[in-house]
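Please read all numbers here as calculations on a predicted model, not as lab measurements. Along the sequence shown, the residues carry numbers beginning at 1. Counting starts at 1 for both ligands and their atoms, following the listed order.
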Amino acid sequence: MAELAARQKHFLSDKVSHFTESVIREMTRQAMLYGAINLAQGFPDFPAPAEIKKAAQEAIGADVNQYAITWGAKSLRGAIARQMQSGHGVAVDPEKQVTVCCGSTEAMISTLLAICNAGDEVIIFEPYYENYGPDSILSAAKPRFVKLRPPQESSGEWTFDEGELRAAFQKHTKAIIVNTPNNPTGKVFTRAELELIRDLCVEFDVLAITDEIYEHILYDGTKHISMASLPGMEERTITINGMSKTYSVTGWRVGWAIAPARIADAIRKVHDFLTVGAPAPLQEAGASALSLPESYYAKLAEGYRKRRDRLVPALEQAGFRCFLPRGAYYVMTDISAFGFADDQAFTKYLVSEIGVAAVPGSSFYRDPRDGAQQVRFAFCKRDETLDEAAMRLGKLKRAG
Ligand code: GLN
């Protein structure tokens, strides 16, 4: 078997050899293998809203079962444009600027494939959501990382150095990826930070690709500012979002990219040849979802605030140092108290012996050593799940 695999190696693309499998998805498989509580992959273990499920069932019943328009069902694109206008004051032409994709994951890779040439550079804040690394490689771009530094105190904010960010803008920089609210840190970029990024994008003629999938999941009075709403950015921002996190339907695979018309045109072409289109009936359900009242979003955020405040004290009690997230539904932690050689050894022990799956911090960094004492937990789970995890984590022993 091993010999056969070795002989087949030369069939493979060099691109693929430059990245490994997703650690986040691998941890979900490990959780299943060991019967562990899955606080690794960020998907809810509670039901999606009944009205959205009903809309999907009705669409299938009404025979919306063939391809939607390649760049997205008209009803959904209209709803996306209306939401950008009402939520962020950004005027979007649904006929020319919106591309509905198979999840924001496809929206991101389609965007990068549509804009990058070999040798182009893409700036990524680190720690980063692991897909951005392989996304850059697949689109032949070179990632250039800028550090987000953890707060000294657990309630402080992750910050970046202005000089370091400026230095990352180079001759071949094509775009900067900004994920706010941020996975894995929970950082919500402030207006001042976004304006600084905006000024650099304008000065160096660079695009901003903003992953805003957690835009409604905010705590402690933080506000989400959409990059495209900043003066000067509408013409150079690609806004990525989707249904997964806001409507608790990560398996539906409905996401989108909003871009200036000329760029949207290129994204649509890539998307067409990659996947043709996102699931048609689920796009119809998406149009209903995006028409839910404001109260839906307030309830969503409050539900996650409660879950955060349930898990974080339990983690602290167990010996983790937590970096309190201001948005999204993950908490990054420091594991030095347990005396493990690295995050991989720790998460292996956690999933197999303690019965809780988490994501090793190194999978969010280019140099694994940077994340060697960090682990990410997802808290998009039912109270019972979080309580059971807390009980199991209580068995951890601190070193020395
Ligand atoms: N965003 C989720 C996470 O970070 C996972 C998304 C995915 O696996 N496609 O856990």
Please determine which of Lys171, Arg236, Lys174 meets the salt bridge (charged side-chain N to carboxylate O under 4.0 Å, His left out) test together with Asp205.
-> Arg236
Is it true that Tyr330 lies under 4.0 Å from ligand 1, counting heavy atoms only?
-> yes
Who's the nearest protein heavy-atom neighbour of atom 6 (C) of ligand 1, and how far?
-> Tyr129 OH, 3.1 Å
Lys147 and salt bridge (charged side-chain N to carboxylate O under 4.0 Å, His left out): which partner among Asp161, Asp367, Asp370?
-> Asp370
Checking heavy atoms under 4.0 Å, the part of Tyr329 that sits near ligand 1 is neither
Which atoms from ligand 1 have a heavy atom of Gly42 less than 4.0 Å away?
-> 2 (C), 3 (C), 10 (O)
Quick one: does ligand 1 sit under 4.0 Å from the side chain of Asn183, the backbone, both or neither, non-hydrogen atoms only?
-> side chain
Please state whether Tyr214 comes within less than 4.0 angstrom of ligand 1, counting heavy atoms only.
-> yes
Carefully, step by step, assess Tyr329 and Tyr219 under the rule ring pair (Phe, Tyr, Trp, His ring centres under 6.0 Å).
-> CA-CA 10 Å; Tyr329 51 46; Tyr219 316 115; 9.5 Å; no
Atom 1 (N) of ligand 1 [closest protein heavy-atom partner, distance rounded to 0.1 Å] = Lys245 NZ, 3.2 Å
Any Glu130 heavy atom less than 4.0 Å from ligand 1 = no
Looking at side-chain heavy atoms only, is the closest gap between Pro143 and Phe145 below 4.5 Å?
-> yes
Arg25/Glu21 ion pair, N-O < 4.0 Å = no
Can you list the steps and then say if Tyr34 with Glu353 is a side chain to side chain donor-acceptor pair (under 3.5 Å)?
-> CA-CA 9 Å; Tyr34 290 106; Glu353 304 297 323; over 6 Å; no
What part of Arg376, side chain from CB on, backbone N/CA/C/O, both or neither, has a heavy atom under 4.0 Å from ligand 1?
-> side chain
Going through the distances and angles, do His224 and His88 end up as a ring pair (Phe, Tyr, Trp, His ring centres under 6.0 Å)?
-> CA-CA 9 Å; His224 171 70; His88 303 294; 5.6 Å; yes
